Amino acid sequence: MIRWRMNLCCFHFQKPRHQQHWYLSLKPFTFQNPYLYFTKFINTSIEFSQNLKPTTTPSNLTTRKTNFYSTPTIISCSKLLYKCTASKSLTPGMEIHARVIKFGLSQDPKIRNYLVNLYSKCQLFGYARKLLDKSTEPDLVSWSALISGYSQNGFCQEAVLAFYEMHLLGIKCNEFAFPSVLKACTVTKDLVLGKQVHGIVVVTGFDSDEFVANSLVILYAKCGGFGDARSLFDAIPDRSVVSWNALFSCYVYSDMHGEAVSLFHDMVLSGISPNEFSLSSMINVCTGLEDSVQGRKIHGYLIKLGYDSDPFSANALVDMYAKMGILEDASSVFDEIAKPDIVSWNAIIAGCVLHEYHHRALELLREMSKSGMCPNMFTLSSALKACAGMALRELGRQLHSSLIKMDMGSDSFLGVGLIDMYSKCNSMDDGRLVFKLMPERDMIAWNAVISGHSQNEEDEEAASLFPLMHTEGIGFNQTTLSTVLKSIAALQANYMCRQIHALSLKSGFEFDNYVVNSLIDTYGKCGHVEDATRVFEESPTVDLVLFTSLVTAYAQDGQGEEALRLYLEMQDRGIKPDSFVCSSLLNACASLSAYEQGKQVHVHILKFGFMSDIFAGNSLVNMYAKCGSIEDASCAFSRIPVRGIVSWSAMIGGLAQHGYGKEALQLFKQMLKVGVPPNHITLVSVLCACNHAGLVAEAKHYFNSMKILFGIEPMQEHYACMIDLLGRAGKLEAAMELVNKMPFQANALVWGALLGAARIHKNIDLGEQAAEMLLALEPEKSGTHVLLANIYASVGMWDKVARVRRLMKDGKVKKEPGMSWLEVKDKVYTFIVGDRSHSRSTEIYAKLDELSDLLKKAGYVPMVEVDLHDVERSEKEQLLYHHSEKLAVAFGLIATPPGAPIRVKKNLRICFDCHTVLKFISKIVSREIIVRDTNRFHHFRDGSCSCGDYW
C-alpha cells in the first residue's frame with residue numbers, strides 16, 4: 001500500500017505521454033512543493049477509504065448473488081456494479097470486485113470503468129486512482145468518472161487537477177467530463193481556468209452540446225459575468241427547460257429577481273412548459289420581491305401542471321406565504337403535505353415568528369415534536385425568538401437544556417439566539433453566562449451581548465464592553481457602533497460620543513448612514529446640537545432618517561424654529577416625510593407653543609395618511625395640549641384607533657396642566673376600566689391633576705394606593721407632587737412629615753415644591769430651610785434666590801432682600817431673564833422684559849399705555865412688592881408694565897384678528913401682578929388669553945383664570 005502511494009505521488013512527473021495533444025494546452029499549474037501536495041492528496045483519499053461506513057445492500061441484489069457466484073460474466077458483473085453505483089452500495093460492490101479479481105475479469109475495460117465510477121461516487125478516490133493507474137491505456141470513461149466523483153462530492157480542486165492530468169496525457173475530453181470540470185470551476189469561482197476550459201470546449205466542438213453549454217452559462221453567471229452568460233444562453237440552438245432553468249437559477253442565486261421574472265415570462269412565451277424546478281425557483285423569486293399576486297399565479301401553475309405535490313415546490317410555497325405574513329395560506333399548503341420534512345416545519349414556524357405570531361409558532365413546535373420529527377438548529381433558533389418575543393424565560397431555559405442534550409449548546413449561531421432570548425426576558429446575567437461559555441465569540445456574539453445590556457438599560461455595562469471587544473482583537477461594524485452610541489446617549493456621555501466619532505472616522509464608517517444617524521441622535525441627546533448639525537452637514541447623502549434625527553435633536557433642545565426650518569428644507573429636497581418626522585415636528589411645535597404651525601403639521605399628517613399611526617396621534621394630543629387647545633387635544637385623542645398607555649398619559653397630563661383636575665381623574669378611571677394599566681408617568685399626571693385642582697383627599701388616596709393597586713413604588717416625582725399639593729393647601733407640617741418619611745434623600749424637585757409653598761404662605765423658616773438645601777444641590781440656579789427674595793419682600797424684610805441680591809452678585813449668579821413667545825402668522829416672536837427690539841415696538845408700547853388707563857379705571861392696582869429692584873414705586877410700576885408676557889399680549893392684540901385667542905408661552909412661572917393684569921385685560925378686550933408657564937396653563941376669560949388663582 002505504501003509503495004502504491006509513493007508511486008502515485010510521482011505519477012504526474014514520471015508517467016510518459018501516450019499521445020500528442022489534439023487541442024490547446026492549459027495554462028500550467030504551479031505548486032511550491034508538488035510532491036507534498038500530492039502526498040497530502042493521496043493521504044486524504046486513503047483516509048476517506050478507511051473511515052467511510054458501508055451503505056445498505058440493495059434488496060434486489062440478494063436474489064442475484066447466487067447466480068453471479070456460480071457463473072460470473074462481464075455482463076452480469078457490469079449490471080450489478082451499475083446498480084451498486086446508483087445506490088452507492090459500497091460493501092456489495094467491493095464483494096463483486098473481489099469476485100471479479102478471483103475469476104480474472106479485472107482487466108476488462110468495461111468492468112474497470114464501472115469500478116472506478118463506483119469508488120469515485122462512494123468517495124474512495126484512492127481505490128479509484130489505483131485502478132486508473134493500473135490501466136495500460138488511458139481511458140476517457142474512467143477519467144470522466146473520477147472527475148465527476150470529485151466534483152459531485154465537493155473536491156473541486158482535486159477535480160481540476162485530475163482534469164489537468166488527463167489533459168497532459170492527451171486524452172480528449174467529452175460532453176460528460178466537461179460539465180464536471182466546469183462545475184468545479186464554478187464552485188471555486190475560478191473564472192480564469194473556466195475560460196481556458198471554455199476555449200477547449202470551443203476547439204473540440206462541444207460548445208453546441210446543451211449540457212456543456214448549460215454548464216458554461218452557470219459558470220459565467222455565478223462568477224458575475226451575466227452578460228457573457230446571457231450571450232451563451234442565447235447561442236444554444238435548441239433550448240430545453242433545463243437550459244432555461246440553468247440561467248434562471250443563477251438569477252435567483254444572485255437575487256436578480258426582476259431578471260428572473262422576465263426570463264420566466266420569456267420561457268413561457270417561447271412555448272417551453274416550466275417544470276417543478278422552474279416553478280419552485282419562481283416561488284423563491286416572488287418571496288424575495290414580496291409579490292403575493294405573482295406568487296399566487298405560480299401556485300396556480302403548480303396545480304395546473306400537477307406539481308403541487310412536489311415536496312420542494314410545496315416547501316417553497318409554505319416559505320413564501322409565511323414570509324409574506326399570509327399565514328392562513330401557508331398553513332393550508334403545509335396541511336396538504338403528506339409527510340412534512342424538517343424544511344416544511346422550519347418554514348411555517350419561522351414565518352409565524354417573523355410576523356410575531358409567537359404563540360402559534362410554539363404550538364407548531366409542539367405538534368412537530370408529537371409527529372416524531374426532531375428539530376434542528378434552525379427550528380430551535382426560531383423557537384428561541386418566539387420565547388424572546390413573549391418573554392417566556394422558563395420555556396427558553398428548557399430549550400437551552402434541550403440544546404445542551406443535543407450537543408448543540410456550543411453552536412455560535414444558537415448561542416447568539418440564547419443571548420437575545422435571555423436579554424429580552426430581562427435576564428442578562430444568564431445571557432452574559434452564555435456569552436462567557438461560548439468557545440468562540442465572534443463579532444455577532446459581542447454585538448448581541450452589548451445590545452442586550454443596552455435594551456435592559458444597563459448602559460454603563462454596554463459601553464464598557466466595547467473596549468474589551470477591541471482589546472480581544474474582535475472587529476466591529478456599524479451595528480456595534482450604533483448600539484454603543486445608543487447607550488452613550490442614555491448616559492449623556494459626550495466625551496465618549498466624541499471618541500466613537502473619531503473611531504468611526506478612522507475605520508471608514510463616517511459616511512455610513514446607520515452610524516451617522518446614531519451620531520446625530522447621540523450628540524442631540526447629549527445637548528451638543530451644534531455637533532449633531534455638523535455631522536449632518538458633512539454627510540454626503542442625506543435621507544429622511546437623518547433629517548428626522550436632526551429635527552428630533554432640535555426639538556429636544558428647545559430649538560423648535562430650527563426644527564421647522566429643517567422640515568421646510570427637507571420638503572424643498574423632495575423628501576417625503578413619515579410619521580416619525582411628523583411626530584418630532586409636533587414636539588418642536590409643542591415646545592414653542594406654536595399652535596398654527598402645529599396645525600399645519602397636522603394637515604401634513606392627514607395628507608400623507610398618518611392619522612392611524614399611534615406615534616403621530618400621541619404627538620398630536622401632546623402638541624395641542626401644550627399649545628393651549630385642550631379641545632383639539634381631546635379631539636385628536638378620540639381619533640387614535642388603538643390607545644396605549646402613552647396616549648392615555650398624554651391626555652390625562654394635558655387635562656391636568658390645563659386645570660381640569662376632575663376631568664383628568666374621570667379619564668384615568670376610564671383608562672383603568674378598559675384594562676390599560678398605568679405606569680409611573682400616568683400616576684405623576686394624576687397627582688398633578690389633583691394638585692392643580694386642589695383635590696387633597698383624592699391625591700392622598702392615589703398616592704397611598706400606588707403600590708397596592710398598581711405595583712408601582714412612589715418615586716421622587718410622586719413625592720414632589722404630593723409635597724407641592726400639601727404645601728399649596730397650607731398643610732406645611734404634613735408636607736415636612738412626608739419629606740422626612742421618604743425612603744431616599746429629597747432632591748431639588750421636592751425642596752423646590754417646599755420653597756414654593758413657603759412663598760405662597762409667607763413662611764420664612766420653611767423658605768430658608770428649603771432654600772439652603774436647594775443652594776447646596778443647585779448653586780448655579782437663580783430661581784432659588786429669586787423665590788427666597790420674594791418671600792422676604794412679601795413680609796417687608798428689605799434688608800434680607802438686599803442680602804440675597806448681594807449673594808447673587810458675589811456668587812456670580814445671574815437671574816434668568818423672563819421670556820415670552822407668541823406665534824403670529826407662522827412666525828414665533830420672542831419678548832423679554834423692557835424689550836424694544838421688535839419692528840412694531842412703538843405700537844406695542846402705545847397699546848400698553850392705552851391698556852394702562854383702562855386697567856386703572858377697572859380697579860387694577862400694581863403689585864409693586866413682587867418687584868425686587870431697589871427703586872422708587874413709580875419706577876417699579878413702570879418695570880411691571882413691561883414684563884415679557886404683557887409685551888407679548890399687547891403685540892397679540894394688535895397683530896391678530898379681533899376675537900382670536902392669544903396664546904403665550906413663558907419660561908418662568910407667571911408673577912402675581914401679570915396674572916392679575918391678564919385677568920383684567922381678558923375682560924376689557926373680550927378675548928381669551930392662554931398663558932403656558934413652567935407650571936401649568938392659565939386660561940384667562942371674562943376677568944377670571946382657569947387656575948382659580950391657585951398656582
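Numbering starts at 1 and runs along the sequence shown. Being a predicted model, the structure only gives us computed values, none of them experimental.
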Show the numbers, then the answer: is there a side chain to side chain contact (heavy atoms under 4.5 Å, CB included) between K707 and I712? CA-CA 5 Å; K707 175 66 176 175; I712 298 173; over 6 Å; no
Test side chain to side chain donor-acceptor pair (under 3.5 Å) on R927 and T896; report intermediate values, then the result. CA-CA 11 Å; R927 291 260 205 133; T896 59; 2.9 Å; yes
Applying ring-ring contact (aromatic ring centres under 6.0 Å, His included), run through W345 and F334 and close with a yes or a no. CA-CA 8 Å; W345 286 102; F334 178 81; 4.8 Å; yes
Test side chain to side chain contact (heavy atoms under 4.5 Å, CB included) on L544 and K576; report intermediate values, then the result. CA-CA 8 Å; L544 174 62; K576 183 181 176 181; over 6 Å; no
Hey, mind stepping through N346 and T379 against side chain to side chain donor-acceptor pair (under 3.5 Å) and telling me if it holds? CA-CA 5 Å; N346 284 348; T379 324; 2.5 Å; yes
The test is side chain to side chain donor-acceptor pair (under 3.5 Å); show your working for D521 and S549 and say whether it passes. CA-CA 6 Å; D521 180 66; S549 294; 5.5 Å; no
How far apart are the C-alpha atoms of V674 and W648, what are their side-chain angles, what is the distance that settles it, and do they pass the side chain to side chain contact (heavy atoms under 4.5 Å, CB included) test? CA-CA 11 Å; V674 298; W648 290 95; 3.8 Å; yes
I'd like to know whether Y567 forms a ring-ring contact (aromatic ring centres under 6.0 Å, His included) with F547, so could you lay out the CA-CA distance, the side-chain angles of the two residues, the decisive distance to 0.1 Å, and finally the verdict. CA-CA 8 Å; Y567 177 66; F547 267 106; 9.2 Å; no
Go through the steps for S451 and Q455 under the test side chain to side chain donor-acceptor pair (under 3.5 Å), then give the verdict. CA-CA 6 Å; S451 177; Q455 288 169 8; 3.1 Å; yes
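When every heavy atom of P577 is checked against every heavy atom of F610, the shortest pair comes out as O-CZ, 3.4 Å. The shortest heavy-atom contact between G661 and L695 is C-CD1, 4.3 Å. N622 approaches A590 most closely through the heavy-atom pair ND2-CB, 4.0 Å. Closest approach of C688 and C721 over heavy atoms only: SG-SG, 3.5 Å. Scanning all heavy atoms of the two residues, the minimum distance from G644 to I614 falls at N-CD1, 4.0 Å. Closest of all the heavy-atom pairs between S423 and N456 is O-ND2, 2.8 Å.
L687 is not listed as a side-chain neighbour of D724, based on a closest heavy-atom distance of 4.5 Å or more. Residues K385 and L354 form no side-chain contact, since every pair of their non-hydrogen atoms from C-beta on lies 4.5 Å or further apart. Side-chain contact check for K599 versus Y624: some heavy-atom pair is nearer than 4.5 Å. Inter-residue side-chain proximity for H400 and L384 is flagged as unmet; no heavy-atom pair is nearer than 4.5 Å. The shortest distance between side-chain heavy atoms of I929 and R941 does not fall below 4.5 Å. Considering only heavy atoms from C-beta on, M623 stays 4.5 Å or farther from N587 through its side chain. Looking only at side-chain heavy atoms (C-beta outward), I630 and E663 stay at 4.5 Å or farther from each other. Contact check for T552 versus T548: side-chain heavy atoms found under the 4.5 Å cut-off.
Rounding to the nearest 0.5 Å places OG1 of T479 at 5.5 Å from CG of N447. Interatomic distance, I723 CD1 to L732 CG, rounded to the nearest 0.5 Å: 11.5 Å. Here the OG atom belonging to S685 is positioned 11.0 Å from the CG atom belonging to L665, to the nearest 0.5 angstrom. Of the inter-residue distances, the one linking Q657 atom CD with H938 atom NE2 reads 9.5 Å to the nearest 0.5 angstrom. Here the OG1-NZ distance, from T934 to K906, works out to 9.0 Å after rounding to the nearest 0.5 Å. The CZ atom of R932 sits 9.5 Å away from atom CH2 of W821, with the distance rounded to the nearest 0.5 Å.
No donor-acceptor pair under 3.5 Å is formed between the side chain of D319 and the backbone N or O of A347. At least one donor-acceptor pair under 3.5 Å links the side chain of D543 to the backbone N or O of V545. The backbone N or O of Y595 sits less than 3.5 Å from a side-chain atom of E823, completing a donor-acceptor pair. Between the side chain of D291 and the backbone N or O of T287 there is no donor-acceptor pair closer than 3.5 Å. Formation of a donor-acceptor pair under 3.5 Å by the H604 side chain with backbone atoms of C582 is not found in this model. In terms of modelled atom types and a separation under 3.5 Å, the side chain of D578 and the main chain of V581 share a donor-acceptor contact. With N747 contributing its side chain and V750 its backbone, the two residues share a donor-acceptor pair below 3.5 Å. Without hydrogens or angle criteria, H718 side chain to M715 main chain gives a donor-acceptor distance under 3.5 Å. Side chain of T522 to main chain of L485: a donor-acceptor pair is present (N/O by atom type, distance under 3.5 Å, no hydrogens or angles). Counting only distance, with no hydrogens or angles, the side chain of S922 and the backbone of K919 share a donor-acceptor pair below 3.5 Å.
Side-chain N/O atoms of T483 and S454 include no donor and acceptor closer than 3.5 Å. Under the 3.5 Å distance criterion, with hydrogens and angles disregarded, no donor-acceptor pair is assigned to the side chains of S332 and D335. For the residue pair H453 / E461, no side-chain donor-acceptor distance below 3.5 Å is found, with atom types taken as modelled. At a cut-off of 3.5 Å, with distance as the only test, no side-chain donor of S612 or R639 sits close to an acceptor on the other residue. Using a 3.5 Å distance cut-off with no hydrogens or angles, the side chains of E717 and H680 do not pair a donor with an acceptor.
Heavy atoms from other residues, nucleotides or ligands lying under 6.0 Å from CZ of F710 number more than 12.
With salt bridges taken as basic N to acidic carboxylate O contacts below 4.0 Å, none links K905 and E885. A salt bridge between R360 and E363 is present, with a side-chain N of the basic residue lying under 4.0 Å from a carboxylate O of the acidic one. Checked for salt-bridge contact, E394 and R397 meet the test: a charged N lies under 4.0 Å from a carboxylate O. Electrostatic pairing of E290 and K323 does not count as a salt bridge here, judged by no charged N lying under 4.0 Å from a carboxylate O.
A cation-pi geometry, defined here as NZ or CZ lying under 6.0 Å from the six-membered ring centre and within 45° of its normal, does not hold between R393 and Y422.
Checked against H939 for a side chain to side chain contact (heavy atoms under 4.5 Å, CB included), the options S946, P901, C945, S944 give a single hit: S946. Each of L725, L738, L683 was checked for a side chain to side chain contact (heavy atoms under 4.5 Å, CB included) with F703, and the lone residue meeting it is L738.
Aromatic ring pairs are classed by plane angle as parallel below 30°, tilted from 30° to 60° and perpendicular above 60°; the pair F615 and F580 is tilted.
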